[in-house]
S.K.: 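The structure that follows is given in the form of structure tokens.
Note that ligands are numbered from 1 as they come in the structure, with each ligand's atoms numbered from 1 the same way. Only heavy atoms go into these numbers, but all of them, side chains included; no hydrogens, no water, no symmetry mates.
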Amino acid sequence: MLFKTSQEHEDLRKAVRDFAETEVKPIAFQLDQNSEFPDEIVKKMGENGWMGLPYPKEYGGAGKDVLSYAIAVEELSRVDGGTGVILSAHTSLGSYPIEAFGTEEQKKKYLVPLAQGKAIGAFGLTEPDAGSDASGTKTVAELDGDYYILNGNKIFITNAPKADFYVVFAVTTPGIGSHGISAFIVERGWEGFTFGDPYDKLGIRSSSTAELIFNNVKVPKENLLGQEGQGFRIALQTLDGGRIGIASQALGIAQGAYEVALKYAKERVQFGKPIAQQQAVAFKLADMATKIRAARFLVYSAAEMKQNHENYGMESAMAKKYASQVALEVVNEALQIHGGNGYLKGMEVERFYRDAKITTIYEGTNEIQNVVIAANIIGKMPKEKKRGAAPGKKEGPITGVRKRHIIKADSPQEAVNELVENLKKDGYDFSVGIPIDTPISEAERVVSVGKGIGSAENMKAAKALAHAAGAALGSSRPVAENMKLVPLERYVGMSGQKFKGNLYIALGISGASQHLKGIKDASTIVAINTNAGAHIFKNADYGIVGDIHEIMPLLTEALGKGEKKPAPPMKKVRRSKPRKLAPNYGVYVCPGCGYEYDPNYGDPEGEIDPGTTFEKLPDDWACPECQEEKKNFIKADFPADRK
Ligand code: COS
């Protein structure tokens, strides 16, 4: 057990601290306010040899130990938690798996530029349904000749979209659980690999975090990292080390907050003396200093164990859990010591307060750290049988079962005519309408614009279409928040307004899960987008693959530009179900949600072809709406009206 750092460690600390004080601190507030990634700082860190601290010199690294890396993350986080995590995610998540599991060629091609700081690394594990339960990965990689074809998406990925290389986890053998997951090195810029908009976060705003979207991405066979099926172990082993990085980040944030609180307490005079000399505050400072020291020992000890190739998984979990708890306690007390001043934007303590929270959440929540620690002490707890789709089996669409009728016509005009015909058949009356500014939550219809709208001058066409469709106007979040083309209270999504009416027409909306969650109760969803692979099409009843700028005026014309009669009070239209043919099969109903399996339609999301009878469905097939297992489906009698 190490009780004292070496002179070399302290020299490095001084160098990183000086850099952080002179280069990062002066712009930390600006980075935070603008959610700005510090490109220049990262470049300079590379030049200083800090982007590959614990990796061998032969692979472009600095050949230092794990503790040196922990100290560097700590010192950066002492002034800016966002900059700290950029280094942490790059080093221990993006680069480590390549160093530990990569072939010689992979190390030369990827680790060298990463360690030299010429490229940035990231780690793609988390998915909408695979967070703490990382084995729930649904992203798939299917071998096809010399390539794996990658499909799926990853959320909350630190350093995306800035990173050049991503270690991505995907199912190569479905149905066998975590042993069917493999790891791949994926490069930014490959065809079909795109990003969601960077998330707007509470803290660590100088770091970038975004969704990864893989749409038939061709990954060369030689980019498989380790062996097929080894991915889950690679992920967990990587996270063991990553947690030392997050523990160091938490430690640095706590140290920074403690120092500003101490300084403030010595300067702030109340009742005739500095508040630091009043016991209520002095004892707070004493507690903060004690906890930080204890956390530091845990973090450094875990780093030392990793360096010595001991089993350190439990210790890194303890360090991460404890240091992040301490960070929360310390930032809270530090802000309290600052009183009202600490609550103001621009105060470092206000930023530390926000930056700290994430450390109890990412790279394994603290609850997961307890699972790891307890498993080391007591042994693994027996697992509950999993519900939900098997790994690699795609979940049903977020908006539930949809018709997914993608209109294939010879011209945009014909596609528009067919769409309008279908909508009229479904009962939509376009001679009536609601005011364009009807609140989204009350609107019967909404025409909604996404980033595909381009610029402000195109809003005229969108508004004309909303009028023609008798609809209110909505948008995706970026259109309201960043592009400011629609009032903020009109964007639709998980954090915005929920649309519960009948008709939702999505123009140039890609269909990020956050947006789709806001429209899942719509009776009919229409998607118009140039990108045939956009998520929105899997979640729509009708789709036209085409340019909205071309389609908008045609659709406006087809729906009728004239005055609309006021719409009668909204009557909720029954959700359009896939077309049902005369039943010549047994009807099976999901006991969980009432979904009825229709062999004429199959289950496209579950890759079940139309014509597959219920009896022929694979045993591991599950309800596309709620993931109830096949064996629990109930055979139902036909209702009289369907005989
Ligand atoms: N290193 C290497 N392999 C490990 C490991 C580790 N630290 N921990 C477990 N494994 C292996 C096990 O030995 C087991 O292999 P076998 O099936 O061959 O025996 C396999 O991995 C599965 O282990 P286990 O059954 O314990 O896995 P669980 O699905 O129960 O998951 C936890 C365990 C909860 C610890 C894991 O899912 C986890 O860490 N989740 C959090 C994920 C996370 O941190 N996400 C944050 C996002 S990443 S930035």
S.K.: Kindly check if the number of other-residue, nucleotide or ligand heavy atoms within 6.0 Å of OH (Tyr353) is above 12?
M.R.: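 No, the 6.0 Å shell around OH holds no more than 12 heavy atoms from other groups.
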
S.K.: Going by heavy-atom distance to atom 8 (N) of ligand 1, choose the closest among Thr126, Leu236, Ile181.
M.R.: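 The nearest heavy atom belongs to Leu236.
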
S.K.: Look up atom CG in Asn376 and atom CE in Met318, then write down how far apart they are to the nearest 0.5 Å.
M.R.: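 CE of Met318 is found 8.0 Å from CG of Asn376.
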
S.K.: I'd like to know whether ligand 1 has Ala375 as a neighbour, heavy-atom separation below 4.0 Å.
M.R.: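 Judged by the 4.0 Å heavy-atom criterion, Ala375 does not count as contacting ligand 1.
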
S.K.: Which of the numbered atoms in ligand 1 are below 4.0 angstrom from a heavy atom of His179?
M.R.: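 Counting atoms of ligand 1 from 1, those under 4.0 Å from His179 are 16 (P), 17 (O), 18 (O).
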
S.K.: Check Thr158 against ligand 1 and report side chain, backbone, both or neither, counting heavy atoms closer than 4.0 Å.
M.R.: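 Under 4.0 Å from ligand 1, Thr158 contributes no heavy atoms.
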
S.K.: Tell me whether ligand 1 is touched by Ser132 - counting only heavy atoms on the residue side and a distance under 4.0 Å.
M.R.: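 For ligand 1, residue contact (heavy atoms, under 4.0 Å) with Ser132 is present.
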
S.K.: Geometry only, no angles: is Lys380 polar-contacting ligand 1 at N/O separations under 3.5 Å?
M.R.: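 Lys380 vs ligand 1: N/O contact under 3.5 Å present.
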
S.K.: Run down the list Lys320, Arg233, Glu127, Lys154 and name the one with the heavy atom closest to atom 15 (O) of ligand 1.
M.R.: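 Among Lys320, Arg233, Glu127, Lys154, the closest heavy atom to atom 15 (O) of ligand 1 comes from Arg233.
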
S.K.: For ligand 1, which part of Arg243 has a heavy atom less than 4.0 Å away: the side chain, the backbone, both, or neither?
M.R.: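 The answer is the side chain of Arg243.
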
S.K.: Would you please classify the geometry between the Tyr166 ring and the Phe195 ring as parallel, tilted or perpendicular, with 30° and 60° separating the classes?
M.R.: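 Tilted, since the angle between the ring planes falls between 30° and 60°.
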
S.K.: Would Phe232 count as a contact of ligand 1 if the rule is a heavy atom under 4.0 Å away?
M.R.: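 Phe232: in contact with ligand 1 (<4.0 Å).
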
S.K.: Please determine whether the number of non-hydrogen atoms from other residues, nucleotides or ligands lying under 6.0 Å from atom CD of Gln30 exceeds 12.
M.R.: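 Yes.
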
S.K.: Check this for me - ligand 1, Ile368, N or O atoms closer than 3.5 angstrom, yes or no?
M.R.: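 So ligand 1 has no N or O lying under 3.5 Å from an N or O of Ile368.
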
S.K.: Please lay out, stage by stage, how Trp50 and Leu12 fare under the test side-chain contact (heavy atoms from CB on, under 4.5 Å).
M.R.: CA-CA 10 Å; Trp50 298 338; Leu12 176 74; 3.8 Å; yes

S.K.: Using a strict cut-off of 4.0 Å, indicate which atoms of ligand 1 neighbour a heavy atom of Leu239.
M.R.: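 Result: 42 (C), 43 (C), 44 (O), 48 (S).
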
S.K.: Verify the neighbour count for atom CG of Asp619: are there more than 12 heavy atoms of other residues, nucleotides or ligands below 6.0 Å?
M.R.: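 Counting neighbours around CG of Asp619, 12 or fewer heavy atoms of other residues, nucleotides or ligands fall under 6.0 Å, so no.
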
S.K.: Of all the atoms in ligand 1, which lie at a distance below 4.0 Å from a heavy atom belonging to Gly131?
M.R.: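 With Gly131 as reference, the close atoms of ligand 1 come out as 42 (C), 45 (N).
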
S.K.: When you measure from the heavy atoms of Asp133 to every atom of ligand 1, does any distance fall below 4.0 Å?
M.R.: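 The answer is no, since Asp133 has no heavy atom less than 4.0 Å from ligand 1.
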
S.K.: Scan Val217, Asn216, Asn215 and name whichever one has a side-chain contact (heavy atoms from CB on, under 4.5 Å) with Ile149.
M.R.: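 Going through Val217, Asn216, Asn215 one by one, the side-chain contact (heavy atoms from CB on, under 4.5 Å) with Ile149 is satisfied by Asn216 alone.
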
S.K.: Less than 3.5 Å between some nitrogen or oxygen of Asp240 and one of ligand 1, yes or no?
M.R.: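 By distance alone, the answer is yes.
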
S.K.: Would you say Lys218 has more than 12 foreign heavy atoms packed within less than 6.0 Å of its NZ?
M.R.: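 No - once you tally the heavy atoms of other residues, nucleotides and ligands closer than 6.0 Å, there are 12 at most.
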
S.K.: So does Lys498 have more than 12 non-hydrogen atoms from other groups sitting under 6.0 Å from NZ?
M.R.: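 For Lys498, atom NZ is crowded (more than 12 foreign heavy atoms under 6.0 Å).
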
